[in-house]
Amino acid sequence: MRLSAFALATTKETPADAEIVSHQLMLRAGMIRRLAAGLYSWSPLGMRVLRKVENIVRAEMDAIGALEMLMPAIQPAELWRESGRWDAMGPLMLRMTDRAEREYCFGPTHEEVITDYVKRDVRSYKQLPVTYYQIQTKFRDEIRPRFGLMRAREFIMKDAYSFHMDAADLDREYRNMRGAYHAILDRMGLDYRVVAADSGDIGGAKSEEFHVLALSGEDELAVSTDGAYAANIEAAKTVRPEGERAAPTGELKKIETPGVTTIAGLAEHMGVPESATAKSIVVMGESGDPVLLMLRGDHSLNEIKAQDLEGVVSPLTMADEATIRTHFGAGPGSIGPVNTNVTVIADYALANASDMVVGANYDGAHFTHFNWGRDHPEPQFADLRNVNAGDASPTGTGTLEILRGIEVGHVFQLGDKYSRALDLSVLDESGNAVVPEMGCYGFGVSRIVAAAIEQCHDDAGICWPQAIAPFDLVIIPIKADKSAAVREACETLYTELKAAGVDVAYDDRGLRPGPMFADAELIGVPHRIVVSDRGLESGKLEYKGRRDEQSSEIDHDVAAIKAVVLGG
RNA sequence: CGGGGCAUAGCGCAGCCUGGUAGCGCGUCUGCUUUGGGAGCAGAAGGUCGCAGGUUCGAAUCCUGCUGUCCCGACCA
């Protein structure tokens with residue numbers, strides 16, 4: 001590509017709206033431009049990166065035998081009513097009506113459509129298993145779009161769906177797909193982790209997420225030091241402590257704690273560590289009565305674990321202050337389990353605790369020396385909290401550390417949720433109708449562009465992994481307008497490198513060297529060749545890798561350059 | 001959905017408090033010089049100050065409403 005004809009649109013200044021590095025650099029490099037909140041145009045430069053990502057994803061999908069197709073972005077409401085998700089999806093889904101007042105949505109995902117597609121097509125076990133995929137624009141009306149492409153409303157996703165006669169075959173394809181995701185991320189050269197995940201609204205049994213590691217990541221990952229366990233913090237399990245509960249060392253005693261309504265304040269007032277206190281959280285139960293959840297003072301509630309508890313409403317709903325006063329006789333910040341008749345569910349970490357500090361159900365007072373059995377009947381114990389760094393791994397070996405990641409892939413074993421809801425069945429060898437098992441597999445194509453930048457950048461700009469760089473190499477001429485020799489050498493190099501299969505950019509814009517160097521670094525071209533009179537005389541060219549400290553000499557020879565750029 | 005910013009030239013910003021002919025830097029255009037890290041000089045173009053209403057002789061500036069956008073929050077009592 002000749003850059004004079006490429007409409008590069010780099011800027012020196014960082015746009016005010018951009019918060020995180022990938023967003024700033026994509027705007028500065030002129031890869032994307034914001035149209036409205038969560039909606040971005042891709043420039044020709046950005047498009048080159050996007051295409052390279054797509055092609056890697058496509059190649060790896062094809063390699064495991066997945067079949068590419070394309071489904072409509074706009075989907076009829078009736079299909080979503082059949083699966084029950086028209087209401088369940090809520091405001092996340094962008095809805096619209098056509099001139100005949102028929103209802104549609106802009107697809108946030110395609111389980112319904114693909115199931116319907118397969119239903120019309122597949123009748124016999126002989127046609128399964130089958131895996132379809134598409135690379136397509138989705139729209140999700142996020143509560144809060146932010147960070148540029150990281151959480152955009154419109155985004156490009158590869159979504160794949162597989163259909164199987166039984167769970168064992170689903171598991172086989174799930175592993176295949178997981179292997180393909182490893183291959184994709186390995187080819188891109190990114191540092192990533194695979195973690196156990198919560199399935200969320202999509203449903204189904206088993207699911208794992210692929211996260212590109214980055215400090216700006218929105219997700220926290222719990223990874224054991226020995227590598228045997230990795231889970232999204234939403235799904236990371238805690239371990240019920242071993243051993244015996246210590247005997248009480250004193251009687252339940254009410255202490256005045258005026259104005260103390262936080263754990264931090266309580267710990268300070270009582271002169272004990274936060275871990276010696278127990279916090280009481282009131283959520284609504286399925287019976288209509290509230291349920292009291294108790295955690296160690298220094299632990300935090302895991303909302304997903306809580307709403308999955310039997311008897312607790314999902315989605316989790318906090319009790320309002322009036323409800324709390326009715327059942328506890330005190331306001332939030334002063335409540336506890338003593339003398340209440342609500343169901344109490346306590347976190348495992350409190351199972352062996354004794355002599356706790358808890359709220360007294362009396363505004364401005366707490367109890368010390370609270371003990372299970374004596375001061376309140378033994379409660380149900382459950383895994384309620386988020387794991388912390390340093391916790392024991394649930395596998396029994398190693399301890400957990402917390403990493404931050406950007407979710408770029410998610411693989412699910414859905415089971416028969418959609419095939420059953422949409423009435424998909426095929427005949428097996430004996431002529432019996434069987435509801436197929438389904439898997440679904442998402443990969444964030446536009447998001448991984450941002451994730452790659454989060455992981456690969458420096459002060460000068462983006463440092464693309466070569467597999468997804470907009471160009472492999474850039475040729476920069478010095479004093480091209482004065483030197484016919486430089487011009488000719490550049491033209492020849494450009495033509496020959498292109499013919500040799502190198503994705504080469506030739507900076508023929510006639511700029512001074514400074515801006516050319518700066519642009520090449522900002523847009524992250526992995527390899528740079530500088531052509532000048534003083535080099536031409538020696539038969540050498542100047543070469544610099546994007547991450548190299550210093551430039552070096554390279555033979556003025558297309559084969560030699562190609563070897564360096566394309567690795568042999 | 002709750003809270004808080006912000007909205008003035010293509011981009012980044014000042015001006016607003018204390019009303020009186022709209023400014024700076026970058027970028028853009030022309031000319032000359034310059035050419036190994038975002039050049040210099042000279043000249044030029046470019047803005048219904050987000051929208052609507054109000055106050056005033058007069059509004060970018062004060063008041064009201066709306067819209068857009070960004071950030072924080074929407075579970076720990």
By salt bridge (charged side-chain N to carboxylate O under 4.0 Å, His left out) - contacts of A:Glu103 (at least two apart): A:Arg81
Nearest to the [X] side chain among [options], which nucleotide is it?
| X | options | result |
| --- | --- | --- |
| A:Pro513 | B:G38, B:C13, B:U35 | B:U35 |
| A:Met318 | B:G25, B:A77, B:A39 | B:A77 |
| A:Ile478 | B:C70, B:G36, B:A77 | B:G36 |
| A:Glu521 | B:C70, B:U34, B:G37 | B:G37 |
| A:Val282 | B:C26, B:U35, B:A77 | B:A77 |

When we call it a touch if two heavy atoms are under 4.0 Å apart, what does [X] touch: a base, just sugar-phosphate, or nothing?
| X | result |
| --- | --- |
| A:Ile143 | base |
| A:Leu316 | nothing |
| A:Arg534 | base |
| A:Arg33 | nothing |
| A:Ala518 | base |
| A:Lys479 | sugar-phosphate |
| A:Ala520 | nothing |
| A:Ala36 | sugar-phosphate |
| A:Ile335 | nothing |

Determine, for A:Trp86 and A:Arg95, whether the Lys NZ or Arg CZ falls below 6.0 Å from the six-membered ring centre while staying within 45 degrees of the axis. yes
Classify the side chain of [X] and the base of [N] as holding, or not holding, a donor-acceptor pair under 3.5 Å.
| X | N | answer |
| --- | --- | --- |
| A:Glu542 | B:G36 | yes |
| A:Arg528 | B:G37 | yes |
| A:Arg34 | B:U69 | no |

Step-by-step ring-ring contact (aromatic ring centres under 6.0 Å, His included) determination, A:Phe471 to A:Phe6: CA-CA 12 Å; A:Phe471 301 101; A:Phe6 190 57; 5.5 Å; yes
Just how far, in rounded Å, is [atom2] of [N] from [atom1] of [X]?
| X | N | atom1 | atom2 | result |
| --- | --- | --- | --- | --- |
| A:Arg296 | B:A77 | CZ | P | 15 Å |
| A:Met516 | B:A39 | CE | C1' | 13 Å |
| A:Asp481 | B:U33 | CG | P | 12 Å |
| A:Ile324 | B:C75 | CD1 | C1' | 12 Å |
| A:Leu522 | B:G37 | CG | C1' | 14 Å |
| A:Ile476 | B:G37 | CD1 | P | 12 Å |
| A:Arg509 | B:G27 | CZ | C1' | 14 Å |
| A:Phe517 | B:U35 | CZ | C1' | 11 Å |

Pairing donors with acceptors under 3.5 angstrom, does anything connect the side chains of A:Asn361 and A:Asn339? no
Do NZ/NE/NH1/NH2 and the carboxylate oxygens of A:Asp383 and A:Lys237 come within less than 4.0 Å? no
Run the salt-bridge test on A:Arg2 and A:Asp507 with the 4.0 Å N-O cut-off and return the result as yes or no. no
Would you mind pulling out the nucleotide paired to B:U69, Watson-Crick or G-U wobble, both distances under 3.5 Å? B:G5
Hey, which of these two, A:Glu19 or A:Val530, hits RNA chain B nearer its 5' end, going by closest nucleotide? A:Val530
